[in-house]
Number of protein chains: 2
Amino acid sequence: MAKSVTLPPIVMPTREEITVEGVLRALADPVRLAIVRQLAASGTEVSCGALTVPVTKSTITHHLSILRQAGVVAGRQEGTTRFNSLRRNDLDALFPGLLDGVLAAQR
Amino acid sequence: MAKSVTLPPIVMPTREEITVEGVLRALADPVRLAIVRQLAASGTEVSCGALTVPVTKSTITHHLSILRQAGVVAGRQEGTTRFNSLRRNDLDALFPGLLDGVLAAQR
DNA sequence: CGACAATTTCGATCGGCGTCGTACAATGAG
DNA sequence: CTCATTGTACGACGCCGATCGAAATTGTCG
């Protein structure tokens with residue numbers, strides 16, 4: 001029957017919908033900051049399980065959801081795996097220097 | 001007896017003590033973001049009472065305390081008035097582009 | 001089909017933070 | 001000295017969010 005509609009559609013704001021406060025709130029957490037740093041370091045897509053942060057998988061899911069809703073990361077589904085990547089282009093276009101400033105800081 | 005030790009010494013981290021996460025947490029609040037924007041717009045020192053944000057004076061004091069502890073603003077006492085200013089130099093030196101990126105955003 | 005792997009969802013808990021009102025301290029003017 | 005001004009300290013309250021464990025969903029492999 002057509003399809004069991006249970007797939008979460010991966011909500012993601014358009015570039016215009018991203019707000020600086022949302023981005024700041026998303027980045028203002030040590031775990032999420034670590035996630036963003038790992039995504040930036042890898043330079044490519046990273047699966048949820050490949051992230052090394054000191055929290056449970058379910059908590060990682062929660063943080064990724066927040067990062068996605070804030071427009072910081074993009075998600076792509078492939079099989080049972082979800083690949084995440086930084087929305088560098090959009091962020092740099094909207095808030096030039098912000099992401100670089102955050103990533104450049106080692107403390 | 002000597003002196004009634006009641007003057008709060010205005011704690012303020014040195015440049016080396018400022019962390020990016022602390023700054024992000026400090027900026028991740030609409031009221032504090034508005035305060036920072038007003039300080040940046042004025043370009044100079046602003047007294048606590050001259051800030052126009054939709055909260056009580058005591059709440060403003062609280063937010064300014066957080067911004068000060070995070071190293072985002074500097075405070076200078078003069079009589080009963082406390083002048084606050086943005087620590088642009090330090091922030092730009094530590095996280096180049098961060099503050100500009102935040103301030104440039106209109107959303 | 002059945003077992004396993006990758007993630008999400010759900011419900012619950014628990015601490016932290018933003019907010020307020022009031023009381024209090026410090027300073028300057030009359 | 002008294003009073004007004006400016007700001008802080010303190011206690012309280014309510015809410016949001018970070019965290020976890022367990023169960024459910026989906027896809028892959030044998």
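These numbers come from a predicted model, not from an experiment. Per chain, numbering begins at 1; letters A, B, ... match sequence-line order.
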Asks: With DNA chain D as reference, determine whether A:E78 or A:P30 sits nearer its 5' end, using the nearest nucleotide of each.
Replies: A:P30
Asks: Taking only the side-chain nitrogens and oxygens of A:R32, find out if one of them lies under 4.0 Å from OP1 or OP2 of D:dA18.
Replies: yes
Asks: Would you name the heavy atoms of A:V31 and A:D29 that are closest together and state the gap between them?
Replies: N-OD1, 2.9 Å
Asks: Could you pull out the closest heavy-atom pair between A:R25 and B:P30, with the gap in Å?
Replies: NH1-CD, 4.3 Å
Asks: Atom CD1 in A:I66, atom OG1 in A:T61: separation rounded to 0.5 Å?
Replies: 11.5 Å
Asks: To the closest 0.5 Å, what do you measure between CD (B:E78) and CD (B:E45)?
Replies: 8.0 Å
Asks: Measure from the side-chain N and O atoms of A:N84 to the backbone N and O of A:V46, and report whether any donor-acceptor pair falls under 3.5 Å.
Replies: yes
Asks: Taking the axis from the first five pairs and the axis from the last five, what angle separates them in the helix from C:dC1-D:dG30 to C:dG30-D:dC1, rounded to 10 degrees?
Replies: 20°
Asks: Identify, residue by residue, the members of residues 57-71 of chain B with a heavy atom below 4.0 Å from DNA chain D, and return them in order of residue number, or none.
Replies: B:S58, B:T61, B:R68
Asks: What heavy-atom pair brings A:A26 and A:A70 nearest, and what distance separates the two atoms?
Replies: CB-CB, 3.6 Å
Asks: Of the candidate nucleotides D:dG21, C:dC20, C:dA6, which contains the atom at the shortest distance from the side chain of B:V55?
Replies: C:dC20
Asks: Ignoring backbone atoms, test whether B:R82 places a side-chain nitrogen or oxygen under 4.0 Å from the OP1 or OP2 oxygen of D:dT8.
Replies: yes
Asks: Using 0.5 Å steps for rounding, measure from the OG atom of B:S58 to the NE2 atom of B:H63.
Replies: 9.5 Å
Asks: First locate atom CG of A:D90, then atom CZ of A:R88, and finally report the distance between them rounded to the nearest 0.5 Å.
Replies: 12.5 Å
